[in-house]
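The structure appears below as structure tokens.
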Amino acid sequence: MTSLVPARTETADLREVEQRVLWLATAMIDHANRVRPNSSGLKVGGHQASCASMVSIMTALYFEHLTATDRVSVKPHASPVLHAINYLLGSLDEEHLTTLRSYGGVQSYPSRTKDPDPADYSTGSVGIGATAPIWGAVARRYVDTHGGGAGTGRQYSLLGDAELDEGACWEAILDPTVADLGEVVWIVDLNRQSLDRVVPNIAANRLQGMFTAAGWQVITLKYGQVLEELFTRPGGAALRERIDGMSNPEYQRLLRCTPGQLRERIPAGDDAIQRLLADVDDETLAVAIRNLGGHDLDALDSAFKAIDDTRPTVIFAYTIKGYGLATEGHPQNHGSLLGEEQMRQLAGLVGADLDDPWHRFADDSPAGKRCAEAASRLRRRERARVKPPKLPTDIGRTPSGTTTTQAALGRTLLDLTRESPEAAERIVTLAPDVSSTTNLGGWLNKVGVWSPSERVDWFADDAETILHWRERPAGQHIELGIAETNLVSLLGELGSTWSRWGQPLLPIGVVYDCFLGRALEPWSFGVYGGGQSILVGTPSGVSLAPEGGAHQSVGTPSIGLEQPGVTSYEPAFAVDAEWCLLEAMSQLGKPGGSSSYLRLSTRPVDQSLASVPGDPAARERRRRQVVGGAYALRRHSDPQVTLVGMGALMTETLVAADRLADQGVGADVVCVTSADLLFRAHRGDADRGVLDQVLPADRARPMVTVLDGHPHALAFLAGVSRVPAVHLGVTGFGQSGSLEDVYRHHGLDTGTIIRAALDVTHR
């Protein structure tokens, strides 16, 4: 019998590093679950098997091919592998290796903002981490065409095959922009297992075809050198055909077999295969059945060298979940943990010590030198951070006549090009094919559409063309396909340029407000990862009456109030919208900054109702109250009730106050611009000054709150002074109709407000 187990002396040090990475990642999880005291008794968790399938890929990438300008998104469950690599590179101290999933320790999944060691992208579920490097590539290119400084480099995404089930992946792959991003490289850990089972048909060929159709280079690493050599022998073609034809579960079962069982199961009655295997010793046979491309360092090296940088690349690397562990290939190994004896056996196999698990390589050893060389190669230079541009707080415009808060968005952006051109140059707007319907047309005509290269505008000479689509590197608007996930994912990356390359941008994304829920999760991930941006939801609410329930948002005021890292605004008047937008922009592109959500409306409102003070000092006081969350719009000499309105419903609230006055019932009227900020003040997370000004204790009266959204978003205000209250809002799906009919249907009309006020004052 012959042995085909290769010595591979030219990569022996890399193999040693690979084994140490496997050990460290496994030992971190072991310590967190088996060694570290656990008073609650709850399983800490970790994913030893999911880590093991990525070890070879990440070792080859980080210790041979990665450069300092590259960025990598690591699949969530491989977080310990990243920490192990960072430890060997000297960018994570030993004290952190015992803190996996502990309070203040290394995180369950890679985090740019919470981990003590470098993580290029924060990753989690639903394909968001997988797609992030695509949008990181666009953000880098945008920065480079607007002043430079972002450099070059590939954008790698390391993902599990199950993540390709996520719609976010395919929405990103199919966006027309992506086909030109040659720096994007996805490496798919094709281990053919999910959480509970071996997936019967992973359909790798179909996936490869889908990427090819999208214009990607497809590289497949199915078998390693040992199997490839066997395939060249007599009977080898039959062996390849046999393994290729196996279902995933059948192949996976072979990983749990002894060499004798392998000799029985693999041939399946084929004499040629049986004769081939008879000439192979047991050790080689055991190695061969596990010899997949994703664990072959030489095959990985060849694949990385074959990447075509003129288009995106996907590498399908066949792997084994739990590779090298006692749980290797078991269908339920997703969350399984090695016991102490199994850990000691692993230590013996990889040259480690369970009693001294964090031992580094000697500096003068080949593996130690390999680590030192990689650390030097990957060291990034510190980038000086450009300060965000100074923004005006008040452009000075006092709108008259009738207009909408949505129109104020476009007006403010255009005003900034004149009043603060330095700030305007940092603005980048995004929309999913809704620029014209969200009042960005004037801004788009002014600044143009961003494209990495100049494109011909074939309608430039068409006199009937209102929206001029000039695509050029100097453009400041990015239009995506109708996929909100793509929009907000890019928004998060544009909002991270201040920390990646020291170049702050002021990114503003616009979506129809009813689709905010669909955009929320990827936007939230972007905020979690340090992206600072503004998301505008417009048009909003049942005020979009003729459109019907499918396009009428109900829960978005509550979403804005509850989203961490975000300040939510819903202005009623155009000047309020301007002030809130400028305040939101002032929070972008800096340490300690934050994101904002503006909920705007297409309902035309009489701007004289805002009663903007003419005196400059009084105007500034109003502005401060607007950006602080609320202001008293009317004060009655003898109030019996407080009417609190927000957004589009201020018109009905003010009319109700007038009619109540006709009946001898005095009403204070408070205009809320940010329920979010008021709630923070109420629970003690912010200064109570704004609440004391708009809802002072000496004017505490029964209250009616009203908004175009779910009523509970303002319900907490009754608790400020502990007064009886009625909360009006939308609790059901919308209806088509006139504004009056729809408001009456939901109980938002003036008559309902008046009745609620009379009821609450006579309790």
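Scope of the values below: all heavy atoms of this structure, side chains included, with no hydrogens, waters or symmetry mates.
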Taking the side chain as C-beta and beyond, is there a heavy-atom pair between [X] and [Y] under 4.5 Å?
X      : Y      : answer
Leu600 : Ser540 : no
Leu516 : Glu484 : no
Lys446 : Leu413 : no
Val81  : Val74  : no
Val575 : Arg619 : yes
Ser79  : Thr123 : no
Thr485 : Arg518 : yes
Leu158 : Val72  : yes

Geometric class of the His77/Tyr109 ring pair [parallel <30°, tilted 30-60°, perpendicular >60°]: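 Correct class here is tilted.
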Parallel, tilted or perpendicular, as decided by the 30° and 60° cut-offs, for the rings of Trp186 and Trp216: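 Judged by the thresholds at 30° and 60°, the geometry between Trp216 and Trp186 is perpendicular.
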[X] side chain vs [Y] backbone, donor-acceptor pair below 3.5 Å:
X      : Y      : value
Ser108 : Arg101 : no
Glu163 : Cys169 : no
Gln587 : Ser594 : no
Ser533 : Gly492 : no
Ser595 : Gly531 : yes
Asn486 : Gly481 : no
Ser420 : Glu422 : no
Glu64  : Asp301 : no
Arg623 : Trp579 : no
Thr404 : Thr602 : no

Do you see a donor-acceptor pair shorter than 3.5 Å between the side chains of [X] and [Y]?
X      : Y      : answer
Gln563 : Ser524 : yes
Gln406 : Asn439 : yes
Ser674 : Asp676 : no

Val626/Arg622 under side chain to side chain contact (heavy atoms under 4.5 Å, CB included): CA gap, chis, key distance, verdict: CA-CA 6 Å; Val626 166; Arg622 167 69 69 83; 4.0 Å; yes
Which side-chain N or O atoms in residues 507-514 pair as donor and acceptor under 3.5 Å with protein atoms at least two apart or in another chain?
{"from": "Tyr512", "atom 1": "OH", "to": "Thr437", "atom 2": "OG1", "distance (Å)": "2.8"}
{"from": "Asp513", "atom 1": "OD1", "to": "Tyr597", "atom 2": "OH", "distance (Å)": "2.6"}
{"from": "Asp513", "atom 1": "OD2", "to": "Ser553", "atom 2": "OG", "distance (Å)": "2.6"}
{"from": "Asp513", "atom 1": "OD2", "to": "Thr556", "atom 2": "OG1", "distance (Å)": "2.7"}
{"from": "Asp513", "atom 1": "OD2", "to": "Arg599", "atom 2": "NE", "distance (Å)": "3.1"}

Aromatic ring proximity Tyr528/Trp523, centre distance under 6.0 Å: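 Tyr528 vs Trp523: aromatic centres not under 6.0 Å.
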Non-neighbouring partners of Arg472 that pass side-chain hydrogen bond (donor to acceptor under 3.5 Å, both in side chains), sequence neighbours left out: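 Residues passing side-chain hydrogen bond (donor to acceptor under 3.5 Å, both in side chains) with Arg472: none at all.
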Qualifying residues under side-chain hydrogen bond (donor to acceptor under 3.5 Å, both in side chains), relative to Arg624, sequence neighbours excluded: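 side-chain hydrogen bond (donor to acceptor under 3.5 Å, both in side chains) list for Arg624, sorted by chain: Glu620.
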Considering non-hydrogen atoms only, spot the tightest contact between [X] and [Y] and give its length.
X      : Y      : value
Pro452 : Pro473 : O-CG, 3.5 Å
Ala139 : Leu490 : N-CD1, 4.3 Å
Gly589 : Gln532 : N-OE1, 2.7 Å
Val690 : Ala681 : CG1-CB, 4.4 Å
Leu97  : Leu92  : CD2-CD2, 3.8 Å
Val627 : Glu583 : CG1-CB, 3.7 Å

Nearest 0.5 angstrom please: [X] [atom1] to [Y] [atom2], how far?
X      : Y      : atom1 : atom2 : answer
Cys371 : Leu88  : SG    : CG    : 4.5 Å
Leu391 : Glu419 : CG    : CD    : 12.0 Å
Leu582 : Leu416 : CG    : CG    : 5.5 Å
Thr429 : Leu491 : OG1   : CG    : 10.5 Å
Leu487 : Phe515 : CG    : CZ    : 12.5 Å
Ile57  : Tyr156 : CD1   : OH    : 12.5 Å

Residue pairs, two or more places apart or on separate chains, that pass salt bridge (charged side-chain N to carboxylate O under 4.0 Å, His left out) and touch residues 108-121: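 For residues 108-121: Asp120-Arg380.
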From Val536, Leu677, Leu581, residue fulfilling side-chain contact (heavy atoms from CB on, under 4.5 Å) relative to Tyr569: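 Only one of Val536, Leu677, Leu581 forms a side-chain contact (heavy atoms from CB on, under 4.5 Å) with Tyr569, namely Leu677.
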Listed partners of Ser376 passing side-chain contact (heavy atoms from CB on, under 4.5 Å), at least two apart: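 Per chain and number, Ser376 pairs via side-chain contact (heavy atoms from CB on, under 4.5 Å) with Arg379.
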Verdict with reasoning, Ile315 to Phe304, per side chain to side chain contact (heavy atoms under 4.5 Å, CB included): CA-CA 9 Å; Ile315 299 173; Phe304 291 145; 3.9 Å; yes
Step-by-step side chain to side chain donor-acceptor pair (under 3.5 Å) determination, Thr403 to Arg411: CA-CA 11 Å; Thr403 190; Arg411 180 76 265 166; over 6 Å; no
Chi angles and distances behind the side chain to side chain donor-acceptor pair (under 3.5 Å) call for Asp70, Thr67: CA-CA 5 Å; Asp70 298 333; Thr67 72; 3.0 Å; yes
Flag if over 12 foreign heavy atoms under 6.0 Å of CD, Glu95: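 Yes, CD of Glu95 has more than 12 neighbouring heavy atoms, counting only those of other groups under 6.0 Å.
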Pair Glu166-Thr131, side chain to side chain contact (heavy atoms under 4.5 Å, CB included): steps then yes or no: CA-CA 10 Å; Glu166 300 290 353; Thr131 61; over 6 Å; no
Salt bridge present between Glu493 and Arg500 (N-O < 4.0 angstrom):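 Salt bridge: yes.
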Pair Met585-Ile427, side chain to side chain contact (heavy atoms under 4.5 Å, CB included): steps then yes or no: CA-CA 9 Å; Met585 293 171 70; Ile427 296 172; 3.4 Å; yes
Residue pairs, two or more places apart or on separate chains, that pass ring pair (Phe, Tyr, Trp, His ring centres under 6.0 Å) and touch residues 112-144: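 As it turns out, the ring pair (Phe, Tyr, Trp, His ring centres under 6.0 Å) pairs with a partner in residues 112-144, which skip direct neighbours, are Tyr142-His146, Tyr142-Trp450.
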